[in-house]
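As the structure lists them, so they are numbered: ligands from 1, and atoms in each ligand from 1.
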Amino acid sequence: MSAQVETPARIPVMIPWLGEEEAQAAADAVLSGWVAQGPRVAEFERVFAERVGAEHGIAVSSCTTALHLALVALDLGPGDEVVVPSLSFIATANAVRYVGAEPVFADVEPATGNLTTLTVDAVRTARTKAVIVVHQGGVPADVDALRAACADWDIALVEDAACAIGSTVGGKSVGHGALLAAWSFHPRKVITTGEGGMVTTDNAQWAQRLRRLREHGMNASAAQRHASSKPILESYLEVGYNYRMTDVQAAIGLVQLGKLDEMVVRRRALAARYDDLLRDVPGLSPVRDPAYGQGNFQSYWVLPAEDFPVSRDDLLAALAEAGISARRGIMASHLEPAYAGHPFAPLPVTERISRDSLILPLFHTMTYDQQDRVVAVVRDQARR
Ligand SMILES: *Cc1c(COP(=O)(O)O)cnc(C)c1O
């Protein structure tokens, strides 16, 4: 028998931090007999909205459906344009299509990967009704500047905060003061409910309509009807959707939310350690906090210089060979077949970041040893 080299365990790009507490909370929800949207969803909405500093939270099935409903709440439709970054998960642009409006791709700034007032202004037209700004990879966008500009232009600013729970702007949570913000609880994000999303807003009328829209446009929720001693004859006020979250998901979400601060501290510490270990590698710029806020490092991405000795894809291949799952950086939606033929202005920064950046593994339970293994491969490639 030939000797076998022991292959070390693969290092994934992300593992959600889930444990006994989440399992117990899910079991409690199941054993309560109420598994669809009910009291745990209501509690999760309350605690989540409070955490981000919003008046209302409306739990839904994903961030994609949260974005869709946010655009329905703004009454957007055919003939309207919505400015979005191409540099985002494709759901940001797709949500605009769901309401029949046109996504207009704007470029991003190199340092944060986010839209700015300048990049939005460059593609804005008389038909622009809204902007969806993405807090990409958890790096907060400069919402103070964007909110002021959008107010001047009389257009709505929706925030795609899918990755940004725990990130801050001026010491306040992302979502604080947002017109409408959309959040994700997919396992690739910082806290998870398996699948799940949330809309937050300070506007009571929108909140009421969003609650209705996620539940077939009904004027009374199933939970309200259940709780009432008298029969409630519901009616359907407009065409809605089934975008509900379940109580099993919300039970898990409540536990996850309780662990959020610890998760962000850990992610930031691991990101700082990457920074230290990679500092002397020439031609590698890691993502950093902007001057106006702090990120949660949902993604730790690095952008190699254009003369870096190996291409991004060779770097990914070398990492994969060493048992490390890194990922290409954020996608450029305008280059996907789904947007073939869709017009776009030049997007040089988007294309450069999307082509050359990569996301290194970072997860709550990551050990220094695992992190050292990642760094060793990157260093080795940088010397080629
Ligand atoms: C993940 C992600 C989404 C989609 O979130 P889901 O909850 O999976 O629908 C939308 N926008 C951005 C920026 C994301 O990263």
Side-chain angles (χ1 to χ4, degrees), residues 13-14 16 41 44-45 48 52 57-72 82-99 103 105-106 108 112-115 130-141 143 146 157-167 174-175 178 180-200 210 214 241-246 249-250 252-253 256-257 267 287 295-301 327-334 336 338-339 350 353-354 357 359 362-363:
V13 70
M14 174 70 166
V41 168
F44 185 43
E45 291 175 334
F48 188 90
V52 305
I58 300 92
V60 289
S61 53
S62 69
C63 183
T64 305
T65 55
L67 287 167
H68 181 192
L69 290 191
L71 300 183
V72 175
V82 179
V83 174
V84 298
S86 167
L87 190 82
S88 184
F89 185 58
I90 198 162
T92 310
N94 286 349
V96 178
R97 283 285 183 80
Y98 296 166
V99 296
F105 293 121
V108 293
T112 61
N114 289 328
L115 296 184
V131 176
I132 305 179
V133 64
V134 178
H135 301 281
Q136 195 52 260
V139 183
V143 284
L146 282 160
L157 183 68
V158 175
E159 299 183 33
D160 181 340
C163 304
I165 183 65
S167 300
V174 163
L180 290 155
W183 309 82
S184 175
F185 310 119
H186 183 274
R188 179 68 185 83
K189 319 299 183 183
V190 171
I191 65 170
T192 187
T193 60
E195 294 277 358
M198 184 85 71
V199 184
T200 55
L210 288 162
R214 74 165 162 197
Y241 308 88
N242 180 357
Y243 283 172
R244 284 175 297 217
M245 175 183 275
T246 70
Q249 291 169 298
I252 296 169
Q256 287 270 291
L257 207 46
R267 298 191 75 82
V287 61
N296 58 9
F297 289 92
Q298 181 267 344
S299 287
Y300 184 85
W301 54 270
R327 290 282 183 275
R328 69 168 185 179
I330 312 301
M331 65 186 296
S333 303
H334 72 286
E336 291 300 317
Y339 287 91
T350 297
I353 294 179
S354 188
S357 68
I359 295 171
L362 202 171
F363 46 92

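Side chain of Ser61 to backbone of Gly196: no donor-acceptor contact under 3.5 angstrom is found. The backbone N or O of Arg188 lies less than 3.5 Å from a partner atom in the side chain of Gln298, making a donor-acceptor pair.
Some N or O of Thr64 is nearer than 3.5 Å to an N or O of ligand 1, by distance alone. Remark: ligand 1 and Lys189 share an N or O pair separated by less than 3.5 Å (distance only, no angle test). For a threshold of 3.5 Å applied to N or O pairs, the pair formed by Glu195 and ligand 1 contains no separation below that value. In terms of polar-atom proximity, Val134 is not counted as a contact of ligand 1, lacking any N or O under 3.5 Å from an N or O of the ligand. The shortest N/O to N/O separation between Ser184 and ligand 1 falls below 3.5 Å.
Against a heavy-atom cut-off of under 4.0 Å, Thr92 is close to the following atoms of ligand 1: 11 (N). Listed by number with element, the atoms of ligand 1 under 4.0 Å from a non-hydrogen atom of Ser88 are 13 (C).
The aromatic rings of His334 and Phe105 are tilted relative to each other, their planes meeting at an angle between 30° and 60°.
Remark: minimum distance from atom 3 (C) of ligand 1 to any protein heavy atom is reached at Phe89 CD2, 3.7 Å.
Contacts of Ser62 with ligand 1, taken as heavy-atom pairs under 4.0 Å, involve both backbone and side chain. Contacts between Cys63 and ligand 1, counted as non-hydrogen atom pairs separated by less than 4.0 Å, involve both the backbone and the side chain.
Between Met198 and Gly57, the closest heavy-atom pair is SD-C, 3.8 Å.
Residue contacts with ligand 1 include Cys163, since one or more of its heavy atoms lies under 4.0 Å from the ligand.
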For this session: Begin with the C-alpha distance, continue with both residues' side-chain angles, and end with the deciding distance and a verdict on side-chain contact (heavy atoms from CB on, under 4.5 Å) for His135 and Cys163.
Result: CA-CA 7 Å; His135 301 281; Cys163 304; over 6 Å; no
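No hydrogens or angles considered: nothing links the side chains of Thr350 and Ser354 as a donor-acceptor pair under 3.5 Å.
Taking the six-membered ring where the residue is Trp, the centroids of Phe185 and Phe48 are separated by under 6.0 Å.
The pair Arg244-Glu195 does not count as a salt bridge, with every side-chain nitrogen at least 4.0 angstrom from each carboxylate oxygen.
Scanning Thr193, Asn94, Leu67, Asp160 for the heavy atom closest to atom 11 (N) of ligand 1 points to Asp160.
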